[in-house]
2 protein chains.
Amino acid sequence: MKHNLDTVKQKLYDKDHKLTPQRRVILEVFTKSKEKHLSAEDVWGMVKKTYPEVGLATVYRTLDLFAELDVLHKMDFGDGRGRYEFCESEVHQHHHLICLNCGSVTEFEDDLLECLESEIEKKNHFKILNHELKFYGHCNKCH
Amino acid sequence: MKHNLDTVKQKLYDKDHKLTPQRRVILEVFTKSKEKHLSAEDVWGMVKKTYPEVGLATVYRTLDLFAELDVLHKMDFGDGRGRYEFCESEVHQHHHLICLNCGSVTEFEDDLLECLESEIEKKNHFKILNHELKFYGHCNKCH
DNA sequence: GTATCTGCAAACTCTTTGCAAAAAC
DNA sequence: GTTTTTGCAAAGAGTTTGCAGATAC
């Protein structure tokens, strides 16, 4: 699932939403930023560079909307603010190593959980839609 | 690691904290409540039944303190409020199935991750202190 | 032209903090 | 007696909402 302007436009129109310059710029921020896990305030700061009059409320509303359309994925690293990144797939995200000292977030991929899921689903009568695995500890800079 | 009044008392005294009636009652709430994942407001509601004049700030401060002493473990289920439960072990907590419809939280145990950890530590130069695994989906009531 | 979207300010929720009085030891 | 702890009220952070004007199509 690769998101470009056209696929997002389509998703918006499918649900009677419009493509506004604000939404376009917010989307651009995510394609261009090298930091992946952006908070609303982060996004706002970057959007204002090309669109200074944008409101923070618009950023929040847009991030919400994009999360609803499965364009962005909302995460929580326990620091009291939501973080957003592009949805990797329809189903599962990758996982995160979170440094308790400096707060840095590293990603890693793993398929081990997939095989666990069907077992857990059966045992608990629970339909799994997504999973989230986080390791907390100290990164190589903070040893 | 089983926490009773005496072990907690010891932990408090070890760090020059005092055992107050408020702290005693808050601890009791966790031993007596059948719902395990309590928010500060939850705890406050239950504490007030036996100690009506307690302040919410005291509850927050006590939960913080207990988390620092590894008596309680603070969690986050993505609903914008912190949740607390007894620490299961010095190292790792169990994991959670979170229903996206009704918000119910079920627990499950699994040791599969333990074997993953040393591999991840080596590959990423990351010292893992704790991990957190959550499955989001629909519980048996909400199918 | 009409429904959606925006910016602003105000409201809201959860949590933290400053302070003087109270309590633990 | 000293230090920690408490309750209160006020402040703080992050997020949401109501509304009138603006914009996409």
Side-chain angles (χ1 to χ4, degrees), chain A residues 5-6 8-27 29 37-69 71-72 74-84 103, chain B residues 5-6 8-27 29 37-69 71-72 74-84 103:
Chain A
L5 186 56
D6 286 333
V8 174
K9 204 169 171 177
Q10 194 52 55
K11 284 192 169 196
L12 285 169
Y13 290 179
D14 283 351
K15 299 212 171 162
D16 292 322
H17 295 296
K18 295 172 180 175
L19 181 59
T20 63
Q22 290 91 332
R23 289 176 182 169
R24 202 186 288 256
V25 176
I26 288 171
L27 195 65
V29 159
H37 313 97
L38 301 171
S39 68
E41 203 100 18
D42 290 339
V43 174
W44 193 38
M46 299 169 83
V47 170
K48 277 196 292 190
K49 285 178 191 166
T50 56
Y51 207 125
E53 68 273 34
V54 75
L56 181 54
T58 299
V59 173
Y60 274 106
R61 282 185 285 227
T62 304
L63 294 175
D64 255 21
L65 177 62
F66 282 168
E68 217 171 274
L69 298 176
V71 173
L72 296 177
K74 184 177 184 176
M75 292 157 298
D76 193 329
F77 295 150
D79 60 351
R81 79 197 65 195
R83 306 270 177 178
Y84 296 82
Chain B
L5 185 56
D6 286 332
V8 173
K9 204 168 172 177
Q10 194 53 53
K11 284 192 169 195
L12 285 169
Y13 290 180
D14 284 351
K15 300 214 170 162
D16 292 322
H17 295 297
K18 296 171 180 176
L19 181 58
T20 63
Q22 289 91 334
R23 288 176 182 169
R24 202 187 289 258
V25 175
I26 288 170
L27 195 65
V29 159
H37 313 97
L38 301 172
S39 68
E41 203 101 16
D42 291 340
V43 175
W44 192 38
M46 300 170 82
V47 170
K48 277 196 292 191
K49 285 178 189 166
T50 55
Y51 206 126
E53 67 272 35
V54 75
L56 179 55
T58 300
V59 173
Y60 273 106
R61 281 185 286 227
T62 303
L63 295 175
D64 255 22
L65 177 62
F66 283 168
E68 218 171 273
L69 299 176
V71 173
L72 296 178
K74 184 176 185 177
M75 290 158 300
D76 193 328
F77 295 150
D79 62 350
R81 78 196 65 196
R83 305 271 177 178
Y84 296 82

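Proteins get letters first, then strands, A, B, ... in listed order; numbering begins at 1 in each. Predicted model only: the values in this text are computed from it and were never measured. Basis for what follows: all heavy atoms, side chains included, without hydrogens, waters or symmetry-related copies.
A pairwise comparison of heavy atoms in A:Arg81 and A:Asp76 identifies O-OD1, 4.5 Å as the closest pair. The two residues B:Ile26 and B:Thr58 come nearest to each other via the heavy atoms CD1-O, 4.5 Å. Among all heavy-atom pairs drawn from A:Trp44 and A:Gly55, the shortest one is NE1-C, 3.6 Å. Taking every heavy atom of both residues into account, B:Met75 and B:Tyr84 meet most closely at CE-C, 4.0 Å.
Here the options are A:Val54, A:Val47, A:Leu27, the test is side chain to side chain contact (heavy atoms under 4.5 Å, CB included), and the partner is A:Gln22; only A:Val54 passes.
Taking atom CG on B:Leu63 and atom P on D:dT5, their separation rounds to 15 Å, with Å as the unit. Distance B:Leu12 CG to D:dT3 C1': 15 Å, rounded to the nearest Å. As rounded to whole Å, 10 Å separates atom P of C:dC14 from atom CG of B:Asp42. When the C1' atom of C:dT6 is taken as reference, atom CH2 of A:Trp44 falls 14 Å away, rounded to whole Å. Distance, B:Asp76 CG to C:dC14 P: 13 Å, rounded to whole Å. Atom pair B:Lys9:NZ and C:dC25:P shows a separation of 7 Å (rounding to whole Å applied). In this structure, CG of B:Leu65 is placed 14 Å from P of C:dT17, rounded to the nearest angstrom. Atom CG of B:Leu38 is separated from atom C1' of C:dC14 by 16 Å (rounded to the nearest Å).
Using a cut-off of 4.0 Å between Lys/Arg side-chain N and Asp/Glu carboxylate O, B:Asp42 and B:Arg83 are scored as salt-bridged.
Fit an axis to the five pairs at each end of the helix from C:dG1-D:dC25 to C:dC25-D:dG1 and the two axes sit 40° apart, to the nearest 10 degrees.
Rounded to the nearest 0.5 Å, atoms CZ (A:Arg24) and OG1 (A:Thr50) are 12.0 Å apart. Interatomic distance, CG of A:Leu63 versus CG of A:Leu38, reported as 9.0 Å (0.5 Å rounding).
For an aromatic pair to be called close, the ring centres must be under 6.0 Å apart, and B:Phe77 with B:His37 satisfies this.
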Report, one pair per line, the protein and nucleotides 21-24 of chain C atoms (nitrogen or oxygen only) whose separation is under 3.5 Å.
from, atom 1, to, atom 2, distance (Å)
C:dA24, N3, B:Lys18, NZ, 2.9

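Using a distance-only test at 3.5 Å, with no hydrogens or angles considered, a donor-acceptor pair links the side chain of B:Arg23 to the main chain of B:Lys18.
The phosphate of C:dG7 has OP1 or OP2 within less than 4.0 Å of a side-chain N or O from A:Thr58. Under 4.0 angstrom from either OP1 or OP2 of D:dA24 there lies no side-chain N or O belonging to A:Gln22. Side-chain N/O atoms of B:Arg23 include one lying less than 4.0 angstrom from OP1 or OP2 on D:dT6.
Side-chain contact, B:Gln10 with B:Asp6: no donor N or O sits under 3.5 Å from an acceptor N or O.
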Q. Which letter, B, S or -, goes with each nucleotide of nucleotides 13-19 of chain D from 5' to 3', with contact meaning a protein heavy atom under 4.0 Å?
A. -SBBBB-

